Amino acid sequence: IWDLYVDPNAIVFEDAEWVVERHRMTAKQMRDLAGKVGFRRDAINKVVNRGANYVNKRFELIVREEEAIMNKGRLWEVLEYWGYISKEEAVAAGLPVDGDAEQLQVNLWICGTDILRLTTNPFLPQRIPYFMFNYEDDAYNVYGTGVPEAMEDSQKMMNGFARLAVDNLALAGNMVFDVDETMLVAGQDYDIYPGKVFRRQGGQAGSAVTGIKFPSTANENLQMMDTFRRQADEATGIPSVSHGQTGVSGVGRTARGLNMILENASLNIKTVIRNLDDDLLQPMGRMLFYWNNQFNSDKIPQGDYDCVATGIRSYTKNEIKVQRLQTLLQLSQNPALAPMVKL
């Protein structure tokens, strides 16, 4: 995802006019391109002989943590473009153009200002060969919303209360001293250690040096942190109990109650599976089907076919099966009905 750039005007991925993928390539990978169909050997040799041109992006040092192992000075940045260009741009770049179409859908590979490959989109029907599905759809953004974004506000509050608890414990867990210097002999060392003696020259015993203990509010802060952890569960649709959180109270203490919690949590996961079916598996299956029709038509059965992703159907079918099995087991425990049940 860090190297994929999608048309920012697209609200859904199918409306994107272009997609660019950014590649990091070594000299060997660059020369290997020259042996593939449609690549311009002269342009590739020219680029390699000129020298590497890759510049690290700021995020790469954070995401990939590769600063120490980056092959500095020996990498090339190659951009792979799928989308439309005008007829005039295609002719100027050396692509033979037939027909009267004003725009062409092409696959373009470029390094710096040199074109390494330029061909019309070979797929029939023509489409961009990338697929994108989201954890949660966003009506105004092609990238949708993920779990981190959904729980961002709750996470900030959890972090804040955790810091408050630690800061408070730093005070409450240490002694602070109130010292009346007028009662002590001048020139004394104030370091504290076992067996320390303060020499006093007046006043009542025990009143020259007094220890002060700050009250601890860590429990209240941790309770608020736990409150916002539950808010994060609601925001993401993933309850903490589903990934091993202990200390469940209330309805979750019984097997039936826990089962109800997990069933309700699965509603959100069903939406994710539906997005996976609709936005990735089904269109990719259709594209592979079209590809086989185009290039392997003699090896596949002929007829009217369609690709249907059944992930959410299988998930729902298994849920219904489990519920019916539980009902059957409950019936078998009834003494009156047990003789009628054939396990």
Side-chain angles (χ1 to χ4, degrees), residues 1-2 4 11 13 58-65 132-176 213-281 311-312 314-323 326:
I1 194 66
W2 302 103
L4 192 70
I11 301 300
F13 189 74
R58 179 186 61 82
F59 64 80
E60 287 182 291
L61 305 181
I62 301 171
V63 176
R64 294 194 172 110
E65 298 182 350
M132 179 187 293
F133 85 96
N134 299 312
Y135 184 84
E136 182 181 325
D137 288 329
D138 187 336
Y140 307 101
N141 183 2
V142 69
Y143 289 105
T145 303
V147 174
E149 187 177 355
M151 66 177 293
E152 181 179 8
D153 293 337
S154 299
Q155 184 69 63
K156 287 180 178 178
M157 295 301 294
M158 289 164 63
N159 296 347
F161 282 113
R163 282 194 299 268
L164 280 173
V166 172
D167 291 344
N168 173 254
L169 286 172
L171 288 173
N174 287 278
M175 291 296 292
V176 178
K213 182 171 174 55
F214 282 90
S216 173
T217 59
N219 287 334
E220 290 83 349
N221 288 324
L222 292 177
Q223 287 174 6
M224 289 300 297
M225 177 180 167
D226 193 59
T227 299
F228 281 98
R229 181 183 59 76
R230 291 193 292 271
Q231 292 281 355
D233 293 351
E234 295 179 9
T236 59
I238 305 176
S240 297
V241 67
S242 67
H243 51 80
Q245 175 69 32
T246 57
V248 179
S249 59
V251 71
R253 288 182 299 173
T254 64
R256 182 63 183 164
L258 188 61
N259 187 47
M260 289 172 56
I261 292 174
L262 293 176
E263 283 181 7
N264 292 332
S266 70
L267 296 175
N268 193 65
I269 302 302
K270 288 177 183 174
T271 306
V272 178
I273 298 174
R274 168 71 67 176
N275 292 342
L276 184 65
D277 281 350
D278 294 346
D279 299 336
L280 175 62
L281 298 179
I312 188 64
S314 302
Y315 188 87
T316 306
K317 189 183 297 183
N318 286 335
E319 276 196 336
I320 294 173
K321 184 177 178 181
V322 169
Q323 289 172 0
Q326 289 175 344

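This is a predicted model, so every value here is computed, not measured.
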Listed partners of L169 passing side-chain contact (heavy atoms from CB on, under 4.5 Å), at least two apart
S216, A218

If you take all heavy atoms of A150 and A235, which pair is closest and at what distance?
O-CB, 3.5 Å

4.5 Å side-chain heavy-atom contact, Y135 and I269
yes

Determine whether K270 and I312 make a side-chain contact, defined as any pair of heavy atoms from C-beta on separated by less than 4.5 Å.
yes

The side-chain contact (heavy atoms from CB on, under 4.5 Å) partners of E234 (sequence neighbours excluded) come to Q231

CZ/F13 to CE/M132 distance, rounded to the nearest 0.5 angstrom?
5.5 Å

Search all heavy atoms of R229 against all heavy atoms of M158 and return the closest pair with its distance.
CA-SD, 3.8 Å

Which donor-acceptor pairs under 3.5 Å do side chains of residues 137-145 form with protein atoms, sequence neighbours excluded?
{"from": "D138", "atom 1": "OD1", "to": "Y140", "atom 2": "N", "distance (Å)": "3.0"}
{"from": "N141", "atom 1": "OD1", "to": "Y143", "atom 2": "N", "distance (Å)": "3.0"}

Using only atom types and a distance under 3.5 Å, with no angle test, would you say the side chain of N275 pairs donor to acceptor with the backbone of N134?
yes

Spacing of CE belonging to M157 relative to OG belonging to S154, to within rounding of 0.5 Å:
9.0 Å

Residue set satisfying side-chain contact (heavy atoms from CB on, under 4.5 Å) with R163, at least two apart, ordered chain then number -> N159

The criterion is side-chain hydrogen bond (donor to acceptor under 3.5 Å, both in side chains); which residues satisfy it with Q223, sequence neighbours excluded?
none

Determine the minimum heavy-atom distance between T217 and N168, stating which atoms define it.
N-OD1, 2.7 Å

Residue set satisfying salt bridge (Lys or Arg N to Asp or Glu O under 4.0 Å) with R274, at least two apart, ordered chain then number -> none

Taking the side chain from D226 and the backbone from L222, do they hold a donor-acceptor pair closer than 3.5 Å?
no

Which residue pairs satisfy the salt bridge (Lys or Arg N to Asp or Glu O under 4.0 Å) criterion with at least one member in residues 146-160, sequence neighbours excluded?
E152-K156

Can you list the residues that meet the side-chain contact (heavy atoms from CB on, under 4.5 Å) rule with A162, with sequence neighbours excluded?
M225

Would you say K213's side chain and A172's backbone share a donor-acceptor pair under 3.5 angstrom?
yes

